[in-house]
Amino acid sequence: MTRHGRGPDMSRRALLRLGALAGAGAALGPLTAGCAGPTGLPGPGTLTLALNRSLVSLDNKLNQFDAAVTVQRAVRQALTRVGPDLTVEPVLAESFEATTPTTWTVRLREGACYSDGSPVTPDDVATALEMYQQVNGSFVASFFPEFPAVTAEDERTFTLETERPVPSLDFLMANILVTPAAGNRPEELQDGVGSGPYVVSAANRGTGEYTLVRNDAYWGTPPRAHTVRVRFVPEEASRVVSIRSGEVDVIDSITPDSADQLVGLPGVRMERAQSTRINQLFYNFRKPAGHPLSDPRVREALTYAIDGRALAEDVLVGSVTPAEGPVPTGLRGAVPTGAYVYDPAQARQRLDALGVDDLSLTIIWESGEFAGDTFVMEAVHGMLTDIGVRVTLRQFEPGGDILSWRQGRAGDWDVLGNGFSSPTGLAESMLQGMFAGTAEKEETRDTYQGYVFPDVTELIERATVEPDAQRRGELLAGAQQAVWDTWPCLWAFVPNVVLAHQTRIRDILLAPTNSYDLAAVRVEG
């Protein structure tokens, strides 16, 4: 990495930024040129979104990065949803009640139907649950400690039954998007009808562009915008230029530098919310027993090389908070378990004591995984190099094969730059999704980067099925400490949720899940 001198007026942030910019070519090689920004001003009644990641489908069995949820739920709906205050709200369900510790009774809304006029049925819910279970590597399925069985009582009423209590089932079902049973399949659906306020009039999976129009058969309150256009614009500079010029209405995943450009700009407003997401530099837990990273003492030693304060304050400019545990402390049931400490001398001393004197690490990530990802990776490259660790950075473009790499099917790596959200707002869901791995799940690569610790999994499973709230909280606290003590991350942080929109766009109620109700958004002028 190229080193730069620093005069008395050069801030640490400027130094890190210069190092990141100068080192990008050497560490990464030439990056693929980004797509050009969208052209043409949005028309009256048309809402145009520019996403930083490609929306490969309007189903969420595999692909559920945060901003995608906003669009996906506008076409397909669930029984419930998690609102801006992280409480459960009914959608297709008129009522959703726990009638025994292992049984929930659900009644569908009268008149709830799909865009073709056919009614939503209990069989559709049963089939949806079956399809989510059959997906290899499903993001949504990972949250369920157990999938419920559906028993229809009449055309609108059914029960969800589990062998053990699942107290958070009403939250979990907010992530199961329902489709007519006859057209459902165990993969992400590229077509088919939904029950949402919009229908798809045009789609191009390759470019990530979609056009949604108002569903005239919608059973609920009609959406306020007639047309929604979704664009994929990977380059943040292009997204900023597009919203400044009025070519797009909403952009998400904004870095602090871009936010600085947009704050106070006439015609543009910023929305912020506390996040339910954690971004991580997560270790690869599929290493053989003799590999240094298989030793938690080595994983912990490396964390001392990372200057989290500089990353949070100078590179990400106060837009994030260093993690104090394996999940964000803003989640219900989360507790602080520790802190990342910067002490490079101690990092080297610990590695030497462990006999680790010639370590090479490969760090991989997908562009757009989190705001400012390249700057963070370049700074981490320098920090690890300073303690004598050789580092290779490998950046994947959106739509590439990083999923195969993450599953250990394509190539070897050591640290993954990744983000993980809790769409339920519950600590137990995030713990279940990331850290409740089993040997059986690992056989199909359905664990989180190979993380399998039976004692940790047992603690999480005991917490997720505990009906008593106080006891569940105690078990969750113990599980979080147990996870922390395995040192799963080189570093982790909780980002703020930030988006920008034109002032003609009103009533965007941004939730901590980095999503909002698209049907409620109003377009003026």
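Side-chain atoms are counted along with the backbone in the values below, which use heavy atoms only and exclude waters and symmetry mates. What you see is a predicted model, and the numbers here were worked out from it, not measured in a lab.
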In short, Pro84 meets Pro512 closest at the heavy-atom pair O-CD, 3.2 Å

Side-chain donor/acceptor of Ser245 to backbone N/O of Val241, under 3.5 Å: yes

How close do Ala128 and Leu177 get, counting heavy atoms only, and between which atoms? CB-O, 4.0 Å

Output yes when Arg506 and Glu524 qualify as a salt bridge under the 4.0 Å nitrogen-oxygen rule, no when they do not. yes

Is there a donor-acceptor pair closer than 3.5 Å between any side-chain N or O of Arg239 and the backbone N or O of Val233? yes

Is the backbone N or O of Tyr516 less than 3.5 Å from a side-chain atom of Thr70, with the two atoms forming a donor-acceptor pair by type? yes

Identified salt bridge (charged side-chain N to carboxylate O under 4.0 Å, His left out) counterpart of Asp517 within the set Arg73, Arg81, Arg522: Arg81

For residues Arg244 and Gln261, report the shortest heavy-atom separation together with the two atoms involved. NH1-O, 3.5 Å

Measure across Val523 and Ala225 and return the closest heavy-atom pair with its distance rounded to 0.1 Å. CG2-CB, 3.9 Å

Verdict with reasoning, Val250 to Leu499, per side-chain contact (heavy atoms from CB on, under 4.5 Å): CA-CA 7 Å; Val250 183; Leu499 66 75; 4.2 Å; yes

Ring centers of Phe396, Trp405 separated by less than 6.0 Å: yes

Any sub-3.5 Å donor-acceptor pair from Asn215's side-chain atoms to Tyr198's backbone N or O? no

Output yes when Arg406 and Glu369 qualify as a salt bridge under the 4.0 Å nitrogen-oxygen rule, no when they do not. no

Between Arg231 (side chain) and Glu209 (backbone), is there a donor-acceptor pair under 3.5 Å? no

Which value, rounded to the nearest 0.5 Å, describes the distance between Asn175 atom CG and Lys61 atom NZ? 13.0 Å

Just do the side-chain contact (heavy atoms from CB on, under 4.5 Å) check on Leu316 and Phe493 with the steps written out, would you? CA-CA 10 Å; Leu316 297 171; Phe493 62 94; 4.0 Å; yes

Worked check of side-chain contact (heavy atoms from CB on, under 4.5 Å) between Leu302 and Leu351: CA-CA 8 Å; Leu302 289 170; Leu351 291 174; 4.0 Å; yes

Tell me yes or no: between the side chains of Ser57 and Asp59, is some donor less than 3.5 Å from an acceptor? no

Decide side-chain contact (heavy atoms from CB on, under 4.5 Å) for Leu262 and Ile251; before the verdict, give the C-alpha distance in whole Å, the side-chain angles of both, and the deciding distance to 0.1 Å. CA-CA 11 Å; Leu262 296 173; Ile251 63 174; 4.1 Å; yes

Taking side chain to side chain donor-acceptor pair (under 3.5 Å) as the test, write out the residues that go with Asp412, two or more places apart. Lys287

Does either side chain, that of Thr337 or that of Gln480, offer a donor lying less than 3.5 Å from an acceptor on the other one? no

Hey, does the side chain of Asp249 reach the backbone of Leu49 with a donor-acceptor pair shorter than 3.5 angstrom? no

Using distance alone, with no hydrogens and no angle criterion, decide if Thr329 and Glu324 have a side-chain donor and acceptor under 3.5 Å apart. no

Going by atom types alone, do Arg76 and Thr179 pair a side-chain donor with an acceptor below 3.5 Å? yes

Any donor-acceptor N/O pair, Thr276 side chain to Ser421 backbone, under 3.5 Å: no

Looking at every heavy atom in both Ile387 and Ala305, which two are closest together, and how far apart are they? CD1-CB, 3.5 Å

Looking at the rings of Tyr304 and Tyr340, which for Trp means the six-membered one, are their centres under 6.0 Å apart? no

Interatomic distance, Arg394 atom CZ to Ile364 atom CD1 [nearest 0.5 angstrom]: 8.5 Å

Of all heavy-atom pairs between Thr513 and Ser422, which one has the smallest distance, and what is that distance? CG2-O, 4.0 Å

What's the verdict on ring-ring contact (aromatic ring centres under 6.0 Å, His included) for Phe420 and Phe143, showing C-alpha distance, side-chain angles and the deciding distance? CA-CA 12 Å; Phe420 199 96; Phe143 293 115; 5.7 Å; yes

Do Ser195 and Tyr218 pass the side chain to side chain donor-acceptor pair (under 3.5 Å) test, and can you show the C-alpha distance, the side-chain angles, and the key distance before you say yes or no? CA-CA 7 Å; Ser195 62; Tyr218 184 49; over 6 Å; no

Show your working on ring-ring contact (aromatic ring centres under 6.0 Å, His included) between Tyr132 and Phe144 and close with a plain yes or no. CA-CA 10 Å; Tyr132 277 84; Phe144 282 78; 8.1 Å; no

Taking the ring of Phe285 and the ring of Tyr448, is the distance between their centroids below 6.0 Å? no

Will you find, in the side chains of Arg409 and Gln407, an N or O donor that is under 3.5 Å from an N or O acceptor? yes

Could you tell me whether Arg53 and Glu366 have a side-chain N and a carboxylate O separated by less than 4.0 Å? yes

